[in-house]
Novice: 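Have a look at the structure that comes next, please.
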Amino acid sequence: MIVEAIRDQPAGVPPVTALLEGMRSVFLALTEEEWASERRRQRIFQAVPELRARAMSQTVMAIDMLAGTLAERDGRTGDDLTYRVIAGAMVGVVMAITPPGTATFEEGDFRRLEEALHILEENFRLR
């Protein structure tokens, strides 16, 4: 869902903005039932070490997906080093705010994530 929302961002939108707007469009559309389901899923990840380990391996896949999506928006390929680095930095920020399996992501946490991604954007020239 988030990948499609990022793809839907207008051409020329900087990577952090595209990610934030994509996430915002998805998160704001979630119903209370969907948030409850996500909280249950996160509790399971917290309780099962094997799932925490799986979440970490999925992080690499998330970087691949995000790099590919951001590169595609600019007419490049997902193996372009620039987009892999940008995607890795953004996923790193997400992990720093909500490490997989160690915290639940609540509706209000998006503001903290948004603040953290803006710190990345302001302190590192992405474009």
Side-chain angles (χ1 to χ4, degrees):
M1 291 183 349
I2 291 175
V3 168
E4 289 303 317
I6 293 169
R7 276 193 188 110
D8 290 343
Q9 298 304 306
V13 170
V16 169
T17 303
L19 175 64
L20 282 170
E21 291 304 319
M23 291 174 75
R24 181 178 287 116
S25 69
V26 170
F27 290 154
L28 291 178
L30 292 177
T31 65
E32 182 52 45
E33 183 177 290
E34 290 167 324
W35 276 111
S37 175
E38 177 59 19
R39 285 190 293 271
R40 279 191 304 276
R41 189 178 77 81
Q42 287 299 320
R43 282 193 299 274
I44 292 169
F45 269 79
Q46 289 175 20
V48 181
E50 294 83 5
L51 292 177
R52 273 188 293 213
R54 174 84 175 149
M56 291 306 296
S57 72
Q58 287 179 330
T59 299
V60 173
M61 291 187 298
I63 292 170
D64 291 342
M65 243 185 336
L66 184 56
T69 302
L70 293 172
E72 176 186 295
R73 294 179 65 248
D74 287 344
R76 306 290 259 315
T77 62
D79 62 350
D80 184 298
L81 184 60
T82 298
Y83 293 94
R84 293 200 54 74
V85 169
I86 291 169
M90 290 192 296
V91 169
V93 167
V94 172
M95 289 179 62
I97 298 303
T98 58
T102 60
T104 59
F105 191 82
E106 298 289 337
E107 202 170 347
D109 292 338
F110 183 75
R111 282 186 286 287
R112 187 164 186 238
L113 178 58
E114 185 175 33
E115 179 183 355
L117 285 167
H118 281 304
I119 289 169
L120 174 70
E121 187 174 44
E122 290 169 10
N123 289 285
F124 297 95
R125 190 179 138 258
L126 296 179
R127 289 219 176 176

Novice: Quick one: are Glu121 and Thr17 in side-chain contact, heavy atoms under 4.5 Å?
Specialist: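 Result yes, sub-4.5 Å side-chain heavy-atom pair found.
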Novice: Cluster question for you: counting only ILVMFWY and a side-chain heavy-atom cut-off of under 4.5 Å, with indirect links fine, are Met95 and Ile119 together?
Specialist: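 Unlinked, Met95 and Ile119 end up in two clusters.
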Novice: Hey, what do you get for CZ (Phe110) to CD1 (Ile97), rounding to the nearest 0.5 Å?
Specialist: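 The CD1 atom of Ile97 is 12.0 Å from CZ of Phe110, to the nearest 0.5 Å.
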Novice: By salt bridge (Lys or Arg N to Asp or Glu O under 4.0 Å), which residues pair with Arg76, not counting sequence neighbours?
Specialist: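 Per chain and number, Arg76 pairs via salt bridge (Lys or Arg N to Asp or Glu O under 4.0 Å) with Asp80.
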Novice: Let me see the working for Glu4 and Arg7 under salt bridge (Lys or Arg N to Asp or Glu O under 4.0 Å), right down to the final yes or no.
Specialist: CA-CA 5 Å; Glu4 289 303 317; Arg7 276 193 188 110; 2.6 Å; yes
Novice: I need the minimum non-hydrogen distance between Ala18 and Val13, along with the two atoms involved.
Specialist: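 Closest heavy-atom pair between Ala18 and Val13: N-CG1, 3.6 Å.
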Novice: Between Trp35 and Leu30, which heavy-atom pair has the shortest distance, and what is it?
Specialist: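 Distance-wise, the nearest heavy atoms are NE1-CB, 3.5 Å.
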Novice: Is it the case that the side chain of Glu34 and the backbone of Thr31 share a donor-acceptor pair, with hydrogens and angles ignored and the cut-off at 3.5 Å?
Specialist: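 Such a contact is found between Glu34 side chain and Thr31 backbone.
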Novice: Show the nearest heavy-atom pair for residues Gly22 and Ser25, with the distance to one decimal.
Specialist: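 It is O-OG, 2.9 Å.
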Novice: Once rounded to the nearest 0.5 Å, what's the spacing between atom CE of Met1 and atom CD1 of Ile6?
Specialist: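 It is 12.0 Å, given to the nearest 0.5 Å.
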Novice: Can you tell me how far the CZ atom of Arg84 sits from the CG atom of Asp64, to the nearest 0.5 Å?
Specialist: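 Going from the CZ atom of Arg84 to the CG atom of Asp64 covers 4.5 Å.
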Novice: Using only atom types and a distance under 3.5 Å, with no angle test, would you say the side chain of Arg73 pairs donor to acceptor with the backbone of Asp8?
Specialist: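 Absent.
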Novice: About how many Å separate CE of Met90 and CG of Leu120, when rounded to the nearest 0.5 Å?
Specialist: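 CE of Met90 is found 7.5 Å from CG of Leu120.
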Novice: So, using salt bridge (Lys or Arg N to Asp or Glu O under 4.0 Å) as the criterion, who are the partners of Arg41 when residues are at least two apart?
Specialist: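 With sequence neighbours excluded, Arg41 shows a salt bridge (Lys or Arg N to Asp or Glu O under 4.0 Å) to Glu38, given in chain and number order.
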Novice: Please report the shortest heavy-atom distance between Ala67 and Gly78, naming the atom on each side.
Specialist: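 Closest approach of Ala67 to Gly78, heavy atoms only: CB-O, 3.8 Å.
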Novice: Once you round to the nearest 0.5 Å, how far does CG of Leu28 lie from CE of Met23?
Specialist: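 Output value for this atom pair is 11.0 Å.
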Novice: To the nearest 0.5 angstrom, please state how far the CG atom of Leu117 sits from the CG atom of Leu20.
Specialist: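 One gets 5.0 Å once the value is rounded to the nearest 0.5 Å.
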Novice: Determine the sole option in Ile2, Ile86, Val91, Val94 for which the side-chain contact (heavy atoms from CB on, under 4.5 Å) test with Leu66 is passed.
Specialist: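 Running side-chain contact (heavy atoms from CB on, under 4.5 Å) over Ile2, Ile86, Val91, Val94 with Leu66 returns exactly one hit, Val91.
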Novice: List, by chain and then residue number, the residues other than Val3 in its hydrophobic cluster (Ile/Leu/Val/Met/Phe/Trp/Tyr, side-chain heavy atoms under 4.5 Å); write none if there are no others.
Specialist: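 Taking Ile, Leu, Val, Met, Phe, Trp and Tyr as members, Val3 shares its hydrophobic cluster with Met65.
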